[in-house]
Amino acid sequence: MRGSKCWHCCNQDVRGVERRLTVEDLRELYEKNGQTLISFVGGKYESIRKTQSIQRCHNCCVEWQSLVTHVLHGGASCACMYRENYFLSWTTVEKRPGDPIHVYYAEFTHTITGETFYKIGLSKFKNRFGQHVGDYKVSVKIIDTTTVYIGYLREQQTITDYMEYKTEPAILRNGKKGTGECFSVDVLGLFNTK
């Protein structure tokens, strides 16, 4: 196998012919990223873009789940990997971990269908979305004002704790970031008044 973290390079045999990564290939690549592949969500590996894996950090023994493709591109979700600078240089957490940031929690309600989803995120601005995004009415609550690093940890912990409620709303899918931080129910209970 060639390459260290790039799945595309590692996805070719010595002749340069593409092949599907095996579970053993994945175990080797996870090890190079400082992680141990524990298992796959749903019990089986389909493809790097469709399968979520559960992995453990070698340093802090934290376990979390993410898409296989995210791990193969050097991404991770445990705090010590940030401290050890495992993340890509463009990551805000690495560049400005001590900068102030707002942790927000937003409710998006479609004005016609009533469809609702919730999003946790980080923003420098208290009014991240305004009152509407497309046909969605938006209500935002600031749940914390802290540093980028602590805010990121809180956001990631919320995502991990409520993984079964994650959703990818169409309004945020078209090239916009933040779809991985959305939930189909009010996981924090800040908007449900029923």
Side-chain angles (χ1 to χ4, degrees), residues 7-8 40-42 44-54 64-79 82 87-97 99-194:
W7 72 270
H8 183 71
F40 298 107
V41 175
K44 69 177 191 169
Y45 165 61
E46 291 181 40
S47 73
I48 64 170
R49 289 187 183 93
K50 291 182 181 177
T51 306
Q52 290 210 4
S53 63
I54 299 172
W64 71 96
Q65 78 183 51
S66 63
L67 283 172
V68 172
T69 189
H70 294 163
V71 176
L72 298 183
H73 283 99
S77 292
C78 82
Y82 276 107
F87 277 143
L88 303 173
S89 61
W90 53 261
T91 305
T92 304
V93 175
E94 182 182 317
K95 284 185 174 180
R96 301 183 178 324
D99 281 8
I101 199 83
H102 300 292
V103 182
Y104 67 86
Y105 188 62
E107 177 184 57
F108 290 74
T109 304
H110 197 279
T111 55
I112 299 168
T113 66
E115 172 199 12
T116 301
F117 68 90
Y118 303 85
K119 180 179 182 339
I120 190 167
L122 307 176
S123 177
K124 293 187 282 184
F125 310 103
K126 282 189 175 182
N127 192 0
R128 168 77 166 83
F129 295 102
Q131 293 183 353
H132 287 87
V133 173
D135 289 335
Y136 285 84
K137 180 180 182 284
V138 182
S139 298
V140 177
K141 294 187 179 184
I142 303 298
I143 56 176
D144 198 4
T145 300
T146 185
T147 64
V148 168
Y149 178 75
I150 298 300
Y152 176 81
L153 293 179
R154 183 164 186 188
E155 175 192 65
Q156 293 304 304
Q157 187 62 54
T158 302
I159 292 167
T160 301
D161 289 348
Y162 300 104
M163 187 67 72
E164 68 268 25
Y165 299 110
K166 283 183 65 177
T167 186
E168 288 195 12
I171 188 79
L172 298 179
R173 266 191 234 138
N174 298 326
K176 297 180 182 178
K177 296 180 181 178
T179 59
E181 303 146 1
C182 297
F183 306 97
S184 57
V185 298
D186 184 2
V187 296
L188 298 182
L190 298 179
F191 292 100
N192 278 340
T193 56
K194 297 175 184 174

- prompt: Are the side chains of I101 and Y152 in touch, meaning some heavy atoms are under 4.5 Å apart?
  reply: no
message: Within the structure provided, determine whether Q52 and F40 are in side-chain contact (heavy-atom separation under 4.5 Å).
response: no
- prompt: Quick one: does S53's side chain have a donor or acceptor within less than 3.5 Å of a partner on T51's backbone?
  reply: no
field: Main-chain N/O of D135 paired to T111 side chain as donor or acceptor, under 3.5 Å
entry: yes
field: Spacing of I143 atom CD1 and T158 atom OG1 [to the nearest 0.5 Å]
entry: 6.0 Å
message: Show, in sequence, the C-alpha distance, side-chain angles and deciding distance for L188 and Y162, and conclude whether the side-chain contact (heavy atoms from CB on, under 4.5 Å) test is met.
response: CA-CA 9 Å; L188 298 182; Y162 300 104; 4.3 Å; yes
message: Around atom OH of Y165, are there more than 12 heavy atoms from other residues, nucleotides or ligands closer than 6.0 Å?
response: no
message: Suppose we screen for side chain to side chain contact (heavy atoms under 4.5 Å, CB included). Which residues come up paired with E164, at least two apart in sequence or across chains?
response: none
field: Distance-minimising heavy-atom pair for E181 and G121
entry: OE1-CA, 4.4 Å
query: For the residue pair Y118 and Y105, does the interplanar ring angle fall in the parallel (under 30°), tilted (30 to 60°) or perpendicular (over 60°) class?
result: parallel
- request: Measure up the F117 and F108 rings against each other and bin them: parallel (under 30°), tilted (30 to 60°), perpendicular (over 60°).
  value: parallel
field: Six-ring centre of F191, K141 cation under 6.0 angstrom, axis tolerance 45°
entry: yes
field: Non-neighbouring partners of D161 that pass salt bridge (Lys or Arg N to Asp or Glu O under 4.0 Å), sequence neighbours left out
entry: none
